[in-house]
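Working notes, structure below.
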Amino acid sequence: MRYKEIIMACFNVISHLNSHSPHRLLPPKPKPARLICSLALNPSSTTTTTTANSNNNNRIQSLCKQGNLNQALQLLSAEPNPTQLTYELLLLSCTRQHSLSDAYTVHSHLSDNGFDQDPFLATKLINMYSELDSIDHVRQVFDKTRDRTIYVWNALFRSLTLAGHGEEVLDLYRRMNRTGISSDRFTYTYVLKACVASNCSSTLLNRGKEIHAHILRHGYDASVYVMTTLVDMYARFGCVTYASVVFEEMAVKNVVSWSAMIACYARNEMPFEAVELFREMMLQTCDTYPNSVTMVSVLQACAALAALEQGKLLHAYILRKGLDSILPVISALVVMYAKCGKLELGQRVFDQMDKRDVVSWNSLISSYGVHGYGEKAIQIFEEMINQGVSPSPISLISVLGACSHAGLVEEGKRLFKSMQRDHKMRPGVEHYACMVDLLGRANRLDEAAKIIEDMRIEPGPRVWGSLLGSCRIHCNVELAERASKRLFELEPSNAGNYVLLADVYAEANMWDEVKRVKKLLEARGLQKIPGRSWIEVKRKMHSFVSVDEFNQPFEELQALLIELCSEMKEKGYMPQTKVVLYDLDDKEKERIVLGHSEKLAVAFGLINTSKGETIRITKNLRLCEDCHSFTKFISKFANKEILVRDVNRFHHFRNGVCSCGDYL
DNA sequence: GTAGGGTTAG
């Protein structure tokens with residue numbers, strides 16, 4: 001029933017998008033109440049009943065609540081008997097002021113007054129040092145505390161997990177179990193998080209499974225918090241089946257549990273399932289409504305699928321529920337529209353925001369980037385800075401990526417320099433990867449290789465992968481061999497790298513080498529990822545996989561393609577068969593490239609869309625040169641606008657020309 | 001006294 005309601009609301013969203021003035025269906029939410037209680041200090045009301053001593057404590061406490069830490073500390077130095085509550089409020093105040101030096105003052109004062117063995121204050125101290133990013137002090141406080149209650153242990157686990165010291169938490173958790181203290185529901189959430197806090201190795205997954213067993217044994221499978229954390233842990237390990245089993249078996253589910261499972265599908269490249277589960281949530285639950293977090297995950301899934309119609313329904317729902325003042329939601333909406341090929345709608349959503357953060361700006365920058373509008377992306381980047389928003393590392397990745405897509409080499413180099421000089425940011429591996437991509441694609445491979453040589457940090461697989469990708473475009477065998485040698489060491493099970501190298505050899509007609517690489521791929525038990533394309537027709541997604549043979553389900557489409565192909569050949573289309581990794585004759589190669597998933601999707605789109613309707617296709621890999629050239633011809637021949645989003649960027653085909661300027 | 005899910009990139 002509620003799902004129908006959303007469909008109805010779709011009409012509202014269209015009218016909303018057509019009007020430029022911000023328009024909300026619900027009033028904006030009131031701001032959250034201030035955390036600091038602003039009790040006014042009123043000495044006259046307390047002096048009559050209390051001693052001078054406790055009055056001093058009261059005054060310190062009130063000053064803390066008012067946020068006047070300096071004065072509170074002055075009074076503290078004259079106070080001979082501070083109470084536990086006084087210290088508690090002082091520590092809280094240090095956290096709020098983010099003052100490590102004041103924290104030391106209070107800490108040593110408290111030790112001098114014999115409170116250093118108070119487990120309550122030890123918990124507070126640990127939490128404070130954690131907030132102040134001083135993990136050494138966290139450990140120190142824990143080590144000195146003799147009476148380690150479960151609160152003390154939990155505070156330690158929480159702090160270390162937040163700081164990314166997952167493995168340390170798991171070691172300490174063993175130690176805790178040996179001391180005989182039992183875990184509570186808080187402990188389980190922290191240690192489960194600790195399993196994914198560092199790297200996601202199989203050892204840590206096994207620890208997670210062990211903890212799962214403890215949870216069942218101790219009856220904590222009734223806790224929604226614990227079980228939701230468990231779903232999330234499996235999700236982060238990519239164990240989608242485990243996550244869904246835990247989720248299905250949960251007796252009680254709330255919005256967070258549903259969101260965790262939807263996010264699990266979204267982040268594990270199962271956007272279909274994410275959208276399906278969202279639908280189920282809307283239909284099944286009576287008291288659980290999706291919130292902003294849920295919406296972000298479903299929007300991501302729609303973006304991945306380029307499911308524009310579904311995305312518009314979500315937009316309608318967001319407006320109806322007043323979630324359109326929440327920044328992450330709006331950023332996700334901008335990205336959704338852009339990735340569905342509706343850049344102008346994304347821009348409009350952005351324009352209607354009354355406040356923006358760096359993520360909102362980054363969303364817009366990258367949106368223009370993937371559509372190939374490099375100069376516009378740079379302009380937005382500069383506007384962001386002019387408006388006083390400091391760029392984040394991702395801003396730079398977005399804008400450098402935009403330069404790369406548009407072939408703006410000099411601008412990219414300028415931005416890379418200014419990143420270090422003007423924004424005082426140290427380039428990370430990702431930034432170097434962008435630069436290698438930028439130079440490499442522009443056929444400045446030697447410069448790209450030089451960047452890698454001069455790097456002050458270890459070049460990771462991203463960097464070498466960018467170089468190898470560029471070598472494939474420009475068929476540089478020698479450099480491709482160098483890059484792939486490193487890549488095979490760094491990520492031996494990434495099939496894509498082997499395929500790229502084989503592509504380079506194939507193009508250079510080095511068929512023995514092609515065979516050798518293919519054997520290597522097989523020997524390691526890997527498979528080439530099959531090409532897959534999606535198209536949304538009447539709110540339904542259709543998926544196509546590349547086929548080598550003429551076969552049943554796609555017979556009609558293939559027949560159409562053969563016909564189109566021969567007609568277009570007369571008009572000058574030349575099949576680009578060099579992308580085929582088999583040493584076959586041209587006729588056979590032509591047949592193989594005609595079975596590529598993207599061409600099947602185009603054919604399906606031609607049959608199933610009305611005149612003047614744009615065909616929108618998403619693809620899991622990069623567009624091959626033949627599909628690119630074929631689609632350009634089709635767009636002119638059939639007078640159709642075709643939008644293809646590959647794994648990397650957008651290609652907008654119109655009248656025989658592509659928006660990427662053949663810069664694949 | 002402590003707790004669970006989501007933002008932007010390539």
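Sequence lines set the chain letters: A, B, ... in the order given, protein chains first and strands last, and positions in each chain run from 1.
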Under 4.0 Å, counting only non-hydrogen atoms across every strand here, what does [X] touch: a base, just sugar-phosphate, or nothing?
| X | answer |
| --- | --- |
| A:A263 | sugar-phosphate |
| A:R356 | nothing |
| A:Y188 | nothing |
| A:D232 | sugar-phosphate |
| A:T229 | sugar-phosphate |
| A:V224 | base |
| A:N127 | nothing |
| A:R462 | base |
| A:V255 | base |

Contacts of A:R414 meeting side-chain contact (heavy atoms from CB on, under 4.5 Å) (sequence neighbours excluded), chain-then-number -> A:I378, A:E382

Please name all residues satisfying side-chain contact (heavy atoms from CB on, under 4.5 Å) with A:A402, sequence neighbours left out, ordered by chain then number. A:A377

Which donor-acceptor pairs under 3.5 Å do side chains of residues 393-401 of chain A form with protein atoms, sequence neighbours excluded?
from	atom 1	to	atom 2	distance (Å)
A:S395	OG	A:N362	OD1	2.7
A:S395	OG	A:S392	N	2.8
A:S395	OG	A:S392	O	3.3
A:S395	OG	A:S392	OG	3.2
A:S398	OG	A:I394	O	2.7

Exceeds 12 heavy-atom contacts within 6.0 angstrom, atom OH of A:Y242: no

Per-pair distances, 0.1 Å, donor-acceptor, side chain in residues 261-273 of chain A, under 3.5 Å, sequence neighbours excluded:
from	atom 1	to	atom 2	distance (Å)
A:N268	ND2	A:A235	O	3.1
A:N268	ND2	A:C264	O	2.9

Could you list the residues that satisfy side-chain hydrogen bond (donor to acceptor under 3.5 Å, both in side chains) with A:H212, not counting sequence neighbours? A:Y234

Check ring pair (Phe, Tyr, Trp, His ring centres under 6.0 Å) between A:F350 and all other residues, then give those that pass, not counting sequence neighbours. A:W361

Would you list the pairs meeting side chain to side chain donor-acceptor pair (under 3.5 Å) in which at least one residue belongs to residues 370-381 of chain A, sequence neighbours left out? none

For DNA chain B, note the earliest and the latest nucleotide, 5' to 3', having some atom under 4.0 Å of a heavy atom belonging to chain A. B:dG1 to B:dG10

Using a heavy-atom distance cut-off of less than 4.0 Å, which residues of residues 291-300 of chain A contact DNA chain B? A:N291, A:S292, A:V293, A:T294, A:V296, A:S297, A:Q300

Would a 4.5 Å heavy-atom cut-off, applied to side chains only, mark A:T618 and A:L305 as touching? no

